[in-house]
Structures are given as C-alpha cells and as structure tokens.
*Asks:* 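Below is a structure I'd like to ask you about.
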Amino acid sequence: MVGIITRINDGVARSFVGRWFKLEGSGVVGERIGSRFTTEIRAGLTTWASMAYIISVNASILSDSGGTCVCPTNDLCMTDDVYLTCVAEVRQDLITATAAIAALSSFLMGLLANLPVGLAPGLGLNAYFAYSVVGFHGSGIITYREALSAVFLEGWIFFILSLLGLRQWLVRIMPQSLVLAVGAGIGLFIAFIGLSANGLGVIGGDTVNFVGLGGCTPNNYQSPDLANYCAHGVMRSPTMWLGIFVGGILTVLLMMYHVRGSILIGIFLTAIISWPRPTSVTYFPHTPAGDALFDFFKKVVTFHGLDKVGNALDHHYNKGKVWYALVTFLYVDILDTTGTLYSMAKFAGLRNPVTLDFENSTIAYCVDAFSISMGALMGTSPVTAFVESATGISEGGKTGLTAMFTGLAFFVSIFFAPIFASIPSWATGGALVIVGSLMIRNVVEINWNYLGDAVPAFLTLLIIPLTYNIAYGVIAGVISYLILNGIPLLIRKISGDRILPAAFEQSEEWVIPEGSIIPYWMRKLAGRIPEEEPVMEQRASRPSTEGSTGKVPSLAEKDVSRPAAS
C-alpha cells in the first residue's frame, strides 16, 4: 500500500499539477518541502471537516434576520405562520448559499493563490450583519437586500485595495511582536471556540464572571433563555466528555504516533458515534429541534435552490445607513481577513523572511475580495479566510491543493448537506483546541524584554479571544503600540536622547521591510523585478511519510509556526 501511495505522489509531483502547486519532488524553484499529493487531500478534508459547521450555523444566524421575507406588522411576526414558513425557506436557501460560496472561494484560493486556506462566510461578521445591521426579523437600520448591496460593493473596494497592494503593506509594516501576537492570539481564539458552546462546551456563560465552567445538560441551565449558563451540574454533559476523549485525547495520541489523518479521524469518529438516536450523546435528541435535525439528516441527498436570497441586492447607495454598514464591514473585514490570511500563510511556512510578505499575497487578497462580492450575490454575509484552516495545515497542507479539496468537499456538501450539516460542534471542538496549542508557540518569539513591545502584544493576545474578533485585537495592539512608543520617542527627541525608558536597548527596532509598496504585478509589467522566486520559510508541517524516505520528524522538530530570523 505504501508503495502505491509513493508512486502516486511521485507521479503527481512530476506532472503539470505538481509543478503548478510546487509539490515536493516537482523540481521547480521554491518547491514546498513536505508537500505530497495524498497529504494535501487529507489536509483539505480535515480543513473542511473543521469548517463544515458553518453550513448550518451561518444559515441559522442569517435567517434570524428574516432574509428577504417581509413582516407586515410591527410585532416581528413571532407568531405569523406565513412569515415563519418564509423564514424557514430562507434558511434552506442559506444552507445551499453557504456551502456554494465556501466551495467557490476555497477552490479559487487554492487554484490561483496556491495557499492552503479555506474561505466561507465568517462568524462574527454574519452576526453583525444579521442582528446589528438588518436586525432580528428585519428590525434593524436597513433591509436585508440593502445590506447585501453594501457587502457587494465592499468586496469590489477590497479588490481595488488588494490590486494596489495596500492590504499587503498594512501587515508588512506592523511591528513583528504584534504580527507574532496576532498569530498566537488566533490560536487562543480558535482554542476558546473549541472549548465554548460552539465546540466542546467546557466553557459556559456566567452571570457574575462572564465566563465559567460549562458542560451541564439543558435541564440544568439557569433558564431556557440562558442556554449554556449552568446553574449547577457542570462538567456532566456526555457529549462534552465524548468530544474530550475521542475528538481530543485520542486525536493527540494518534498525532504523537504520527498516524496520518489524526485530526480527521477524531472528527469523524466523534460524529459517527453521535448520530444514533437512542444514546445520551446523540446529535438528534427526541425534541422538536432534534426531530427537525434528524428529518433533515434522513434526506441524505437533497438540493435547495436560492429562490429567496439569490441575486437579491437592492442598490440604495444614496442612503447614509447603507454606507454606515459598508464602512463598518470594510474596516472590520480588512483587519480580520488580512490578519487571518497572513497568519495562516506564516503558519504554513510560506512567509518571506526578508520582505515579510507571503507568496501570491496579491492574488490571495483579490480572491478573498472577489468572493465577498460573489457571496453577496448568493445572499450571504462577507466571506473571510477561516482560522480553522490551521487544522489542515497542521495535517501537512502546504499548497493550494489543500484548499481545492476543501472546496470540492463543500461542493459535495451542497448536495449532501443533510450529512455534512450534521457534524456536531463537540466533534470539531477538540481539533480546534489542539490546533490552538500549535499556534500559540509564536509567543516565545515576542519581545517580552521591553514593555513598549510586550504590552501591545499582550493586549492583542488577550483582546482577540475575549472579543471573538481578530480585528479588535489588532486595533488594540496597534493603538497601544503607537502610544507607548510614540510618547517615549517624543521625549527622546526633546531631551536629545538623554531621557530613555528602562530597557530601551532591548526594544525591537521597527523597520520598513525590504521590498516595494508597489505590488508584484505592477513591477512585473514595468520589468523591474528579476525572474526568480523569492525565498520562503520552508518547513515540513507534517512528516511526508507518503512517498518519502528518512526519519520522521517529531512535533518539536517540525515547528511549523516559528519563523526564520529576519
């Protein structure tokens, strides 16, 4: 069996596919060490399995806005059967839309940018879209159709900014301690998601301390309106313990012994155990909600069109509130997506240690921007790079083939949505915690010796998981950095370098990285760049045992997230 896999990997590496995606053994300049075809397949499926929850979650959140359904009364139509039936149809449309745009955007990211990053409608932005902009059942500042038009225009503004290289430059000029803190903060963020109600449920709400221990059963909630707020009986949920031991501990043990597909095995094994109904860990309890989930699950194969939400834009750009929504989407998304893409590329070892840019960054940001606008046409909130892509990268994903197989899996999900929308959150929670533990290693390279670098980095680390928003963490880090370093700089200038802060000699020097602000394609057209590939940080993020010989590196040796000195 190993011999067959070896021949497949070697054959693909020597083909056009191998050369396009720079697989190991392709012979092209800058081939990606450790990238093998079968590894990329496994990594893509792992990323998809970690992201699959977004199919049902995004549809559920956005359908709360009522979509294109119109409530004829002022009572939010809470008991209007006609309106609620329309909302149910919107939710089914959005399941298709979510899977479709995730398939398109992830596939394009892999094919054109050659990055192992999956895209889909982002959590956080979809909640802001549904509850703050459109409002519950249309009670917000603008209509669903107008909000989609704001997202559509936002995508094209992003596209122009990406072509001009401004999004790439934004990250490159950030102090390196902040860049490292963003990557580590994302690790904390996804681990927090994995431990919270959207994952294992170990962490719950607390009316006194904001967060506390969770893991209680629904009958021990403080009230039906406070789901995951435990009055008593914490850490007694059977599903939580299933996710901890099968999706978490078993997965780690498999990784320790270099079992291929460890994360994917953990996710699917937990999901399969959760599907039978007469168990205490079932995903389909005998409740109205459980019955609805099971009825959808039993369909196995189905297709629902975009009758309610497809091409539903209402271009009222003369309204000030539409522009308010657009600007908010713009600044949150530009920090969120830009930071996530950069961190995922760095985690995969694809950052240039000299220019501090990553390979095909302009194409990647353009694909992201294009996908935002296409998602609006399909009726969904802004598309973004997913931090769950780190699960596939940790499985060995190094090239765009990972993202392409993620996209293909989402395409299949369009027709098998009942199956793929039935992967419970506790099946992926353990994987998110594990990947978070891999990403947190960035903190060892943050400059903790000087408070002007350490405090902004720490605030970034802290704010990202606590606000559930990468952009807010970046904002906190950048503003605090400017204040804590700007005031001492002013004092130095006034005093003629006689008054210096403590440990100033250990501060991290801020420099503008080598390379031009002018994007690659413009310099290429002008003939101002040599015909050679930039040197990237190359690390085998997963042992390439498929089709390779030699010692399998340990987890410590592979160190996917640690950058080379720059």
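Values reported hereafter were calculated over all heavy atoms of this structure, with side chains retained and with hydrogens, waters and symmetry mates removed. For reference, positions follow the sequence shown, starting with 1.
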*Asks:* Quickly, which of Asn58, Asn126, Asp93 forms a side-chain hydrogen bond (donor to acceptor under 3.5 Å, both in side chains) with Thr98? Name it, please.
*Replies:*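 Exactly one candidate clears the test, Asn58.
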
*Asks:* Is it the case that over 12 heavy atoms from other parts of the model lie below 6.0 angstrom from the CG atom of Asn318?
*Replies:*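 Enclosed: over 12 neighbouring heavy atoms sit under 6.0 Å from CG of Asn318.
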
*Asks:* With rounding to the nearest 0.5 Å, note down the distance linking CD1 in Ile487 to CG in Leu482.
*Replies:*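 Interatomic distance, Ile487 CD1 to Leu482 CG, rounded to 0.5 Å: 10.5 Å.
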
*Asks:* Does any N or O in the side chain of Glu89 come within less than 3.5 Å of the main-chain N or O of Lys308, such that one atom is a donor and the other an acceptor?
*Replies:*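 Answer holds: no.
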
*Asks:* State, with a plain yes or no, whether a side-chain heavy atom of Val309 is found less than 4.5 Å away from one of Val90.
*Replies:*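 In short, these two side chains touch, coming nearer than 4.5 Å.
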
*Asks:* Quick check against the 3.5 Å criterion: does Ser149 have a side-chain atom that pairs as donor or acceptor with the backbone of Asp314?
*Replies:*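 Yes.
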
*Asks:* Only one of Val455, Ile479, Asp453 forms a side chain to side chain contact (heavy atoms under 4.5 Å, CB included) with Leu484, so which one is it?
*Replies:*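 Exactly one option meets the side chain to side chain contact (heavy atoms under 4.5 Å, CB included) with Leu484, and it is Val455.
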
*Asks:* Looking at CD of Gln222 and OG1 of Thr207, how far apart are the two atoms once the value is rounded to the nearest 0.5 Å?
*Replies:*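 Spacing of CD (Gln222) from OG1 (Thr207) equals 4.5 Å.
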
*Asks:* Working to the nearest 0.5 Å, report the span between CD1 of Ile157 and CZ of Phe152.
*Replies:*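 Here the interatomic distance stands at 11.5 Å.
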
*Asks:* Say whether, by atom type as modelled, one donor and one acceptor occur between the side chain of Ser65 and the main chain of Gly135 under 3.5 angstrom.
*Replies:*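 Flag not set: sc Ser65 to bb Gly135 has no pair under 3.5 Å.
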
*Asks:* Step by step, would you call Trp48 with Ser413 a side-chain hydrogen bond (donor to acceptor under 3.5 Å, both in side chains)?
*Replies:* CA-CA 10 Å; Trp48 162 79; Ser413 302; 3.2 Å; yes

*Asks:* I'd like to know if the side chain of Glu508 reaches the main chain of Ser177, judged simply by a donor and an acceptor atom lying under 3.5 Å from each other, with no hydrogens or angles considered.
*Replies:*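 Answer holds: yes.
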
*Asks:* On the 0 to 90° scale, with breaks at 30° and 60°, tag the Phe411-Phe415 ring pair as parallel, tilted or perpendicular.
*Replies:*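 Rings of Phe411 and Phe415: perpendicular, over 60°.
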
*Asks:* Using every non-hydrogen atom in the two residues, find where Ser105 and Ala102 come nearest and quote the distance to one decimal.
*Replies:*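 Nearest heavy atoms, Ser105 then Ala102: OG-O, 3.5 Å.
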
*Asks:* Answer whether the closest heavy-atom distance between the side chains of Lys321 and Val133 falls below 4.5 Å.
*Replies:*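 SC-SC contact between Lys321 and Val133 ruled out.
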
*Asks:* Establish, yes or no, whether a centroid distance under 6.0 Å links the rings of Phe129 and Tyr144.
*Replies:*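 That pair passes the under 6.0 Å test.
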
*Asks:* Assess the residue pair Met404 and Thr399 against the criterion (side chain to side chain contact (heavy atoms under 4.5 Å, CB included)); give the C-alpha distance rounded to whole Å, side-chain angles, the decisive distance to 0.1 Å, and a yes or no.
*Replies:* CA-CA 9 Å; Met404 290 179 67; Thr399 75; over 6 Å; no

*Asks:* Mind listing the closest non-hydrogen atom pair of Gly44 and Phe405 along with its distance?
*Replies:*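 What the structure gives for the nearest pair is CA-CB, 4.2 Å.
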
*Asks:* Is there a side-chain contact between Tyr450 and Pro501 (heavy atoms, below 4.5 Å)?
*Replies:*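 Counting from C-beta outward, Tyr450 and Pro501 do come under 4.5 Å.
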
*Asks:* Between Leu115 and Phe358, does the side chain to side chain contact (heavy atoms under 4.5 Å, CB included) criterion hold? Intermediate values first, please.
*Replies:* CA-CA 10 Å; Leu115 291 177; Phe358 63 89; 3.5 Å; yes

*Asks:* Side-chain contact test, heavy atoms from C-beta onward, threshold under 4.5 Å: evaluate it for Phe158 versus Tyr365 and give yes or no.
*Replies:*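 SC-SC contact between Phe158 and Tyr365 ruled out.
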
*Asks:* Could you tell me whether the side chain of Ser373 and the main chain of Phe370 form a donor-acceptor pair under 3.5 Å?
*Replies:*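 Not at all, since once roles are kept as given, no pair shorter than 3.5 Å links the two residues.
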
*Asks:* Does atom CG of Leu76 have more than 12 heavy-atom neighbours from other groups under 6.0 Å away?
*Replies:*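 Check passes, neighbour count above 12.
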
*Asks:* Can you confirm whether more than 12 heavy atoms, excluding those of Tyr324, are under 6.0 Å from its OH atom?
*Replies:*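 Result for OH/Tyr324: open.
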
*Asks:* Does a side-chain heavy-atom distance below 4.5 Å link Asn311 with Leu377?
*Replies:*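 Contact flag for Asn311/Leu377 side chains = yes.
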
*Asks:* Short question: side chain of Asn114, backbone of Gly400 - any donor-acceptor pair under 3.5 Å?
*Replies:*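 Confirmed, Asn114 side chain pairs with Gly400 backbone.
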
*Asks:* Taking all non-hydrogen atoms of both residues into account, name the closest pair between Asp368 and Thr384 and its distance.
*Replies:*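 Taking Asp368 first and Thr384 second, the nearest heavy atoms are OD1-CA, 4.0 Å.
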
*Asks:* Given the side-chain rings of Tyr229 and Tyr221, with only the six-membered ring counted for Trp, is the space between their centroids under 6.0 Å?
*Replies:*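 Tyr229 vs Tyr221: aromatic centres not under 6.0 Å.
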
*Asks:* Rounded to the nearest 0.5 Å, what separates atom CD1 in Ile446 from atom CG in Leu180?
*Replies:*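 Nearest 0.5 Å value for the CD1-CG distance: 5.5 Å.
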
*Asks:* Where the side chain of Thr428 meets the backbone of Ser425, is there a donor-acceptor pair that is under 3.5 Å apart?
*Replies:*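 Answer holds: yes.
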
*Asks:* Donor-acceptor pair, Ser63 side chain versus Val87 backbone, under 3.5 Å?
*Replies:*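 Here the side-chain-to-backbone pair does not exist.
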
*Asks:* Where is the tightest heavy-atom contact between Val474 and Val182, given as atom of each residue plus distance?
*Replies:*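 Result for this residue pair: CG2-CG2, 3.9 Å.
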
*Asks:* Looking at every non-hydrogen atom in both residues, tell me the closest pair between Ala376 and Leu148 and how far apart they are.
*Replies:*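 Minimum heavy-atom contact is CB-O, 3.5 Å.
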
*Asks:* Answer yes or no: is there a side-chain heavy-atom contact under 4.5 Å between Leu163 and Cys366?
*Replies:*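 They are in side-chain contact.
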
*Asks:* Would Ile55 and Phe410 satisfy side chain to side chain contact (heavy atoms under 4.5 Å, CB included), going step by step from the backbone distance to the final call?
*Replies:* CA-CA 9 Å; Ile55 296 175; Phe410 271 114; 4.0 Å; yes

*Asks:* Answer yes or no: is there a side-chain heavy-atom contact under 4.5 Å between Thr73 and Tyr83?
*Replies:*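 When only atoms from C-beta onward are counted, Tyr83 and Thr73 do not touch, as no gap falls below 4.5 Å.
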
*Asks:* Minimum heavy-atom separation for Ala100 to Ile414, with atom names?
*Replies:*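 Smallest interatomic distance, heavy atoms only, reads CA-CD1, 3.6 Å.
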
*Asks:* Can you find a pair of side-chain heavy atoms, one from Met109 and one from Leu341, that are under 4.5 Å apart?
*Replies:*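 Side chain of Met109 against side chain of Leu341, heavy atoms only: contact under 4.5 Å found.
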
